[in-house]
Each structure stands twice: as C-alpha cells, then as structure tokens.
Amino acid sequence: MRTTDFLIKGNVHETGIANHFQGRTQYRVDTPLFQTPLTVLLFTNRCGSNLFGDYLRGTGRIAGLTESLNHQEVVRRATASGIANYPDYFASQVSEALQDGPTHYGVKASAGQLAMLQRWNITGMFNGLVVLRVVRENLLAQAVSMLIASQTGKWASFVTGADKAPPEYDFDGIVKWLNRFNQENGAGQLLTASLGVPHLTVTYEVFRDDPLPWVQSALRLLGQDVDGVTVAPPSLSKQADATNHAFRERFRADLVERMRDGGPELGLI
C-alpha cells in the first residue's frame, strides 16, 4: 500500500457508514451549521490520543474527541435514532455533546477518516477545521502496544473482561504495525499540510509528563482564552508493563541478528 492510498482510497468505516445511509452522506449546504471550527484529533492506534483527548475534555471547553466515526458506533446510534442521512446524524451528535456547556466539538479521526469527512463535506458544517495531530516518538513501543492489544482485546486501562491467553511475541506482527504507523503518520502529515488548516503536532512522550502547556496550545488554536485553564488527573492509566518491555528488547535483538545475517542475497530494496 502507498502512503497516499490512506487518503485517496476508502476504508471499512467509510463503506460501512455509506452503506447504512444508502449513500446519503453529503452535506450539500453552502453555509455552516456551527459557528465554531471542527476539531479533529488525528491519530494512529496506540499513539496516546485517548490520553490527550481526556486532558482536553477535562477542561470543560471541548466535547467529543472519541472514536465516533467508527462505522459500528454510527450504525448503532443512527439505527436507534432513526436518522436517515449522515449529515443530520453528525449534527445531532454535535448538538447533544454541546448541551452541557462546552463551546467546541471534536472527533478522533485517522487520516483516512479525515479524508472521508472532506469528501462528504462534513467539515463544511463548521466555520473551520483545526487538526490536533498526536504522534508517538517511540514507534517500536507503539507497535508492541498494538500487537499486545490486538491479541488481548484490552484496548484501554478501563477495559475489563479481556481474559484471552497471554500475548505472544511476533516479530513479523510488530514489523507490520511499524510499517502501518509510519505510513499513516506520513499520510496524516501530508493531508494536514495540503489542507492548509491550523494544526498542532503533539508528541505523546512530551505531553504525558507535562500536559498543561500542550492543552493550552490546543485551546489557543481554537481561539480560546486559556487563563485559569487546568488539567484534571486523567481517567486513563498506563497499560505498558514488563511484557511490553520484554517484547521490545527481544525485537531489537532479533533485528540486529537478522541485519547481521542479511545482505543482497535476500533481495534488493
């Protein structure tokens, strides 16, 4: 897969939503419904975006910032509400989320999901678009975390009942996620720059130890006064444990061994 495929081609969420609404996905009005920008928390799996979203919601200034674009969630909610097209469904989610006081609304989106929102002109329902791009410096740690979560089903610290067998080390599985995250990060960076919208890149390893300056910077990008803004203790806790560490160390050792045993006889790049 090419990096640009994440933006040009569709994905399972876009297909699932379009199928449910029988193609009624386009916002065809020239004026916005909401007089604030849509905030997109641009993410890849296991990058720390849930934690940053938690900090932002804790300020009381912004609502949402969850994975509300996943097709299973959209189909479930839309079926319950009886709404027949995606723009009306999206607008209902925004209005409901803003009832309790926040002035801004946001969604978590992959690069492909942000491309979907652009294709359907959902971003046109707002008077602008702001992208908060969350990345992880340690891609190996991110890939190992993804491997473990995909095997155990424990996607967040609050998840219970994930009683699958202990995770198994898988060199090729880690490589798969390393490649995926590299490409998705590249796609997200390309799309954000190409759209020319206000954006901020937030690195997990930096904001996790001192979140307030990054929360303030994000709110300023939304045009908000940050005087008096504080961050509440997060509702999420760190999941990485000795297994993560062991898998990372084993992967590094395996990689060095394979590098030393490799060469042109294994093919040219």
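Along the sequence shown, residues are numbered consecutively beginning with 1.
N185 contributes no side-chain N or O that, together with a main-chain N or O of N182, makes up a donor-acceptor pair within less than 3.5 Å. No side-chain donor-acceptor contact under 3.5 Å links E73 to the backbone of E67. R24 places a side-chain N or O within donor-acceptor distance of the main-chain N or O of A84, the cut-off being under 3.5 Å. Not one N or O on the side chain of R248 forms a donor-acceptor pair closer than 3.5 Å with the backbone of L140. Within the 3.5 Å criterion, the main-chain N or O of N70 finds no donor-acceptor partner in the side chain of H13. In this structure, the side chain of S145 does not engage the main chain of A141 through any donor-acceptor pair within 3.5 Å. A donor-acceptor distance shorter than 3.5 angstrom exists from the side chain of Q113 to the backbone of S110, with no hydrogens or angles considered. In this structure, the side chain of D88 does not engage the main chain of N85 through any donor-acceptor pair within 3.5 Å. Between the side chain of T59 and the main chain of L56, a donor-acceptor pair closer than 3.5 Å is present. Distance alone, capped at 3.5 Å, places no donor-acceptor pair between the D54 side chain and the P234 backbone.
Following chains of ILVMFWY side-chain contacts shorter than 4.5 Å, one can reach L38 starting from L114, so the two form part of one hydrophobic cluster. In this structure, L98 is a member of the same hydrophobic cluster as I83, with clusters built from ILVMFWY side-chain heavy atoms closer than 4.5 Å. Both V229 and V202 are assigned to one and the same hydrophobic cluster, defined by single-linkage of ILVMFWY side chains at heavy-atom distances under 4.5 Å. Linking ILVMFWY side-chain heavy atoms closer than 4.5 Å, directly or via other members, places L69 and L33 in a single hydrophobic cluster. No continuous path of hydrophobic side-chain contacts links L42 to L139 [ILVMFWY only; heavy atoms under 4.5 Å].
Put simply, the side chain of F181 reaches to within 4.5 Å of the side chain of M146, judged on heavy atoms. Considering only heavy atoms from C-beta on, F90 stays 4.5 Å or farther from V74 through its side chain. Within the 4.5 Å cutoff, side-chain heavy atoms of L132 are placed close to those of L221. Contact check for V12 versus H71: side-chain heavy atoms found under the 4.5 Å cut-off. Considering only heavy atoms from C-beta on, F34 comes within 4.5 Å of S95 through its side chain. Under the 4.5 Å side-chain criterion, counting only non-hydrogen atoms from C-beta, Q151 is in contact with E168. Residues M1 and K9 form no side-chain contact, since every pair of their non-hydrogen atoms from C-beta on lies 4.5 Å or further apart. Residues Q224 and I62 form no side-chain contact, since every pair of their non-hydrogen atoms from C-beta on lies 4.5 Å or further apart.
Counting non-hydrogen atoms of other residues, nucleotides and ligands closer than 6.0 Å to CZ of R252 gives a total above 12. The local environment of CD in E249 is crowded, with over 12 non-hydrogen atoms from other residues, nucleotides or ligands closer than 6.0 Å.
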Please walk me through it: do S68 and Q93 pass side-chain hydrogen bond (donor to acceptor under 3.5 Å, both in side chains)? CA-CA 9 Å; S68 56; Q93 297 301 295; over 6 Å; no
Test side-chain contact (heavy atoms from CB on, under 4.5 Å) applied to Y55 and W214, step by step: CA-CA 10 Å; Y55 281 128; W214 296 96; over 6 Å; no
Could you go step by step and tell me if Y89 and I17 meet the side-chain contact (heavy atoms from CB on, under 4.5 Å) rule? CA-CA 11 Å; Y89 167 81; I17 294 171; over 6 Å; no
Test side-chain contact (heavy atoms from CB on, under 4.5 Å) on L117 and V107; report intermediate values, then the result. CA-CA 11 Å; L117 295 178; V107 294; 4.2 Å; yes
Evaluate side-chain contact (heavy atoms from CB on, under 4.5 Å) for F52 paired with Y204, printing each intermediate quantity in order. CA-CA 8 Å; F52 194 61; Y204 168 72; over 6 Å; no
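The two residues L191 and A111 make their nearest non-hydrogen contact at CD2-O, 3.8 Å. Residues R57 and L65 approach most closely at NH1-O, 3.3 Å, considering heavy atoms. Closest heavy-atom contact between F21 and A78: CZ-CB, 3.6 Å. Between E205 and N138, the shortest heavy-atom contact is OE2-N, 3.0 Å. Counting all heavy atoms, side chain and backbone alike, G48 lies closest to F207 at O-CZ, 3.4 Å. Nearest heavy-atom pair across A109 and V40 is CB-CG1, 3.8 Å.
Residue K108 is tested with N50, T66, T39 for a side-chain hydrogen bond (donor to acceptor under 3.5 Å, both in side chains); the sole match is N50. Remark: of the listed residues E184, Q142, R180, Q142 is the sole one forming a side-chain hydrogen bond (donor to acceptor under 3.5 Å, both in side chains) with T44.
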